[in-house]
Structures are given as C-alpha cells and as structure tokens.
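Chain A is the first sequence line, chain B the second, and so forth, proteins listed ahead of strands; every chain is numbered from 1. Note that the structure is predicted; figures quoted are calculated from it, not measured.
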4 protein chains.
Amino acid sequence: MNWSFETDRPIYLQLKEQILRMIVSGVYPPGSKLPPVRDLAAEASVNPNTLQKALSELERDSLVYTQRTSGRYVTEDGNMIIKAKKELAVEQIELFIKKMAGIGYTVEETIALLEKTVKE
Amino acid sequence: MNWSFETDRPIYLQLKEQILRMIVSGVYPPGSKLPPVRDLAAEASVNPNTLQKALSELERDSLVYTQRTSGRYVTEDGNMIIKAKKELAVEQIELFIKKMAGIGYTVEETIALLEKTVKE
Amino acid sequence: MNWSFETDRPIYLQLKEQILRMIVSGVYPPGSKLPPVRDLAAEASVNPNTLQKALSELERDSLVYTQRTSGRYVTEDGNMIIKAKKELAVEQIELFIKKMAGIGYTVEETIALLEKTVKE
Amino acid sequence: MNWSFETDRPIYLQLKEQILRMIVSGVYPPGSKLPPVRDLAAEASVNPNTLQKALSELERDSLVYTQRTSGRYVTEDGNMIIKAKKELAVEQIELFIKKMAGIGYTVEETIALLEKTVKE
DNA sequence: GTGGTCTAGACCACC
DNA sequence: GTGGTCTAGACCACA
C-alpha cells in the first residue's frame, strides 16, 4: 500500500478514507482481521494515536468492530460495506465535479468530455 | 489561493499544476503578470528555487514567458491555454476513472452514478 | 576530459555543450553509460545540481535517457545524435563567422582565408 | 566592451587577444590613446598587473607604444596592424578547424557545411 | 550506489 | 526589485 497525504486535510480523515478504500475494494474482505494499529501506523509513518482515531471513526460507522483481546475486524455485514462504497463513490464524484469546475468545465461539458475520453 | 500538496509527488510538479489551474481558469488571464517568484514561493511556503523550477516548466510549455527584469507573464496565445486546459481536464478524468476503479466501479457504473448524482 | 568554462555564459549550458560534444564525437557512443552525476560533477568541479541541470536538458532533447537506479545512458537513436551533431556544427560555424566579422572579415574573405590556410 | 574569460588559459593572454581585437577592428584606431591601465583593469575586473602584462606583450609585438609621461598609444604603422589582424584571423581559423574536428568533422566537411550555412 | 528533489542562502545582470 | 544561476548539503526511493 502506498500511503499518501495532502497537506490541507486532517491526516486521520485521509487515513480513514484510505483504509475504507481498502475495505470496499476487498483488500480487507468482510470478517477479515486488520493488522495491529502499531503496524498500520508504522507502515503509514504516522503516530499510532492518529491511526487509532481513524479506526475509531470507521468503528463508529460500523465498518469495523473490535474484539477486545484479539484485534480489529472488518464487519461481516455486506450491506454496510456496499453502502460505504456508494458513499465513497459519491464523494469522489462530487470532488471530481468540483475540480473540473475549478478548471472551468460545467457539469455538462465534464460528462461530455468524460464519455469522449472513455471511447478513446 | 490555497496551496496544498500531496506527499507522493514532487512539489514542483504540483506547483506547476496548481499555477496552470489558475491560468486556465482565468485567475491569471492571458497577458497578465504573475506575482514575483519570491512572493509565490513565500505564499506556497516552498523554496524559491522549487517554484522557479515549476515556472520554468510552464515556460518550456509556452504557457508563460519571461521579461527578464520586469517579471513573468501569462502567454497571450489563447490557443496554448485552451490546449493546456483540455490536457488538464483529460488528466483529471483519467485520474478519476482510475480512482473509481480502485473502489470497484467499472467505467459504465461510474458514468451512470455520475449522471445520477448530478441530477440530484 | 578538459573542463573549461567561459565567464559569460551559464555553466550548465557549457556543461551541456561539452557533454554533447563528447556524445557526438563518440567518446560516449550510443547506448553507453554515462558516469554518475556526482562523478562528472566532481571531475568538472561543479555542484552536482548544476550538472544535473545540464543532463536534464540533454534528456529533454532526447539525447540521453535515465534508468532511475542504474544510471544515465546515451540514446541508441543514431538519428538524434546526427541531428545534434549538425546543430552543434552550425552553431560553431555561426559563432566563427561572427568572430571573424568582429575582427573585420567579411564572409567571403573568411572563406578565402580559410581555404588558403588549409592548403598550407 | 564585454570582458569574458575562459578558465583554462592564462588571463593575460586572453586580455591581450581581446585588446588586440579592439585594435584591429578599429575600436582603438592607429595613433589613438588607450585608456589608463587602471581603468582597463577595473573594467575587466582583473588585477592591474595582469593587464599590464597583456599590454607589455602588445608592446613587444609593436602594436602599442608607450609615451613615458602621457600614456599608451596604438601604433601608427598600419602594416603592423594589418599583419596582426591576419595573424589573429589565422589563429581563429585554426581554432575553428580544431573545434570542428573535435565534433567529428573533417576539413572538407567543415568547408562544405560552412558554405552551405552561409547561403542560407 | 543511482538519480531526483528540496532547502537555504548567496551573488549576478538588468532596468 | 526582477529573474537566473550556483553552491552546499540533506534526504528519499529504488534495486
């Protein structure tokens, strides 16, 4: 995994998003065990507390749950994951549209160019 | 302007992209003067040399030109800017598609969801 | 190699030219490996960054290419080299004519004297 | 005047050559007074002693002469100047041929390319 | 050990 | 005050 951060958003949110991405894309399938916080933190070169916070958020969203003595696991509830996946996608889309608007593209132009690009 | 950087790409390339974004979106219209290197560098909190490198690249791409003692200016050639704008957009689109694919969306699903999201 | 610089032109351009000269004259044949940046820099007694800049320009001109972890190599494309060789020669010629003009020789006189000198 | 030096030749010889160039090209016509050593040295940003040496050489070659109390003058002997001009030219030519050879051009190729370049 | 990037700080030419 | 160049020195990714 390639951990990358932007300087203008809280790191824990970005961590959350990137871990979420791994969950919905199946890197960590439903029910699987997540690596220990310390390992993840080391890999991402962030403070374990920061990563802790990211995981707590995921827990709050019912995407991971904690088994006191054995670690953290991805939820077995496929629906939750599907829902998260969709939210993540919508978020990406909104961000994308905003970025295109920043360049000077209207939504219609964006869709048109997107379809044209895909065909090539 | 909000200068933000990702940790996994050279800063000078990101600077180049963000300045380009301001040019194509009309923040710096064709023929207008760019702020002095040192000012931009201070604003983005990077070393002047790094920003210099970014601007040199833009100059190589004929998007800005230099008047040695008076400063840097956006090219008056609207076509160059339009071309750059399109390239930037296509780049964004490809990146977007890749990101959606990373979540698990095919191109068709992406377009469908995009259109649906836009309607709402 | 004898590294020599003039005081009135950027060193990195002179480095570029001198390395180019070695490429077109076969000191570094097509496909051969160039010495590491640091070695070349030490040899020419310039800062590695300055030499880096010179090599980047040669790379932009497609005369050398980089293999990130193993080093820089001269392009295998003989045509690029031939083209560069010709450009270098024309440059030399123009400079020569200009110098002769500075002494007070017209182009015709220059050619005449050149042919005469060669015969002797 | 633009004073420029190469790092691999004695500066006094380069000074000599550049002053000579000004004499043969008429910047300092026969019989005219040269600026004081100190002024020339300041202009070229070299030590007055170095410039002194250059002028002594020119004097030895009978191209300038010294009037003890009033300064240095260019010789009135037009023939000396013509001779020096020719020598300078031949020197340039030899240097030029050597440089072209360094790139990989034979004398014949050099002349051919020179004539072709001139026509364009 | 390789190239690549970045910072800090200096000096230069030009107007 | 403007851009341009250069140095010194550091750190990084990659293999």
Side-chain angles (χ1 to χ4, degrees), chain A residues 1-5 7 42-45, chain B residues 3-19 28 32-60 63-75, chain C residues 3-19 28 32-60 63-75, chain D residues 1-5 7 42-45:
Chain A
M1 169 68 187
N2 239 341
W3 300 94
S4 158
F5 304 103
T7 51
E43 207 190 310
S45 4
Chain B
W3 298 95
S4 154
F5 303 105
E6 290 153 25
T7 49
D8 60 349
R9 276 194 310 152
I11 293 184
Y12 80 95
L13 282 181
Q14 301 186 46
L15 286 167
K16 179 187 172 185
E17 190 186 308
Q18 293 183 44
I19 295 169
Y28 298 125
S32 65
K33 186 179 184 306
L34 293 177
V37 185
R38 290 161 174 79
D39 291 12
L40 280 174
E43 212 193 319
S45 337
V46 299
N47 187 286
N49 285 330
T50 306
L51 214 142
Q52 178 87 309
K53 198 169 178 182
L55 288 174
S56 305
E57 297 252 324
L58 286 174
E59 188 159 7
R60 220 194 46 197
L63 285 159
V64 312
Y65 64 92
T66 299
Q67 213 125 34
R68 289 245 356 198
T69 59
S70 96
R72 276 199 179 77
Y73 299 82
V74 178
T75 180
Chain C
W3 300 96
S4 152
F5 303 106
E6 290 153 26
T7 49
D8 60 349
R9 277 195 310 152
I11 292 184
Y12 79 94
L13 284 181
Q14 301 186 45
L15 286 168
K16 180 186 171 185
E17 191 186 309
Q18 293 183 44
I19 294 169
Y28 297 125
S32 65
K33 186 177 185 307
L34 293 177
V37 184
R38 290 160 174 79
D39 290 12
L40 280 174
E43 212 193 319
S45 339
V46 299
N47 187 286
N49 284 331
T50 306
L51 213 142
Q52 178 87 310
K53 198 168 178 183
L55 288 174
S56 304
E57 297 251 325
L58 286 174
E59 186 159 9
R60 220 194 47 198
L63 285 159
V64 311
Y65 64 92
T66 299
Q67 214 126 33
R68 287 243 358 196
T69 58
S70 96
R72 276 199 178 77
Y73 298 82
V74 177
T75 181
Chain D
M1 170 67 189
N2 240 341
W3 299 94
S4 160
F5 304 104
T7 50
E43 207 190 312
S45 4

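- Within the 4.0 Å cut-off from OP1 or OP2 of F:dT5, at least one side-chain nitrogen or oxygen of C:Lys53 is found.
- Between the side chain of C:Gln14 and the backbone N or O of C:Glu6 there is at least one donor-acceptor pair closer than 3.5 Å.
- The number of heavy-atom neighbours closer than 6.0 Å to CG of D:Asn2, taken from other residues, nucleotides and ligands shown, is 12 or below.
- Protein atom CG of C:Asp39 is 13 Å distant from nucleotide atom C1' of E:dG3, rounded to whole Å.
- Rounding to whole angstrom units, CZ of residue B:Arg68 and P of F:dT5 are separated by 7 Å.
- Between C:Lys33 and C:Gln67 the shortest side-chain heavy-atom distance does not fall below 4.5 Å.
- Taking only distance into account, the side chain of C:Asn49 meets the base of F:dG9 through a donor-acceptor pair shorter than 3.5 Å.
- A residue-by-residue look at B:Gly71 and C:Ser45 shows that B:Gly71 has its nearest nucleotide of DNA chain F further toward the 5' end.
- Using a 4.0 Å cut-off, no side-chain N or O of B:Tyr12 falls inside it from OP1 or OP2 of E:dC6.
- Across the interface with DNA chain F, nearest-nucleotide mapping of A:Asn2 and B:Val37 shows B:Val37 to be the residue nearer the 5′ end.
- Of all nucleotides listed (F:dT5, F:dC6, F:dG1), F:dT5 comes nearest to the side chain of B:Gln52.
- For the residue pair C:Val74 and C:Tyr65, the shortest heavy atom distance occurs at O-CE2, 3.5 Å.
- Nucleotide F:dC6 holds its C1' atom 16 Å from the CZ atom of C:Arg9, rounded to whole Å.
- For B:Thr66, counting side-chain heavy atoms from C-beta on, the closest listed nucleotide (F:dC6, F:dG3, F:dG1) is F:dG3.
- Going from atom OH of C:Tyr73 over to atom C1' of E:dG3 covers 12 Å, rounded to whole Å.
- In this structure, the side chains of B:Leu40 and B:Trp3 come closer than 4.5 Å at one or more pairs of heavy atoms.
- Of the candidate nucleotides E:dG4, E:dT7, E:dC14, E:dT7 has the atom lying nearest to any side-chain atom of B:Val46.
- Both B:Leu51 and C:Arg72 lie near DNA chain E, and the one whose nearest nucleotide falls closer to the 5' end is C:Arg72.
- Within 3.5 Å, a donor on the side chain of C:Arg38 pairs with an acceptor on the base of E:dG3, or the reverse.
- Distance CD (A:Glu43) to P (F:dA13): 13 Å, rounded to an integer number of Å.
- Between B:Thr50 and E:dT7 there is a side-chain N or O to OP1 or OP2 distance below 4.0 Å.
- When rounded to the nearest whole Å, the span between CD1 of C:Ile11 and P of F:dA8 equals 11 Å.
- For E:dC14, the paired base is F:dG1 (Watson-Crick or G-U wobble, both distances below 3.5 Å).
- Between the C1' atom of F:dT5 and the CG atom of C:Asp8 lies a distance of 14 Å, rounded to the nearest Å.
- Atoms CD (C:Glu59) and C1' (E:dT2) sit 13 Å apart, rounded to a whole Å.
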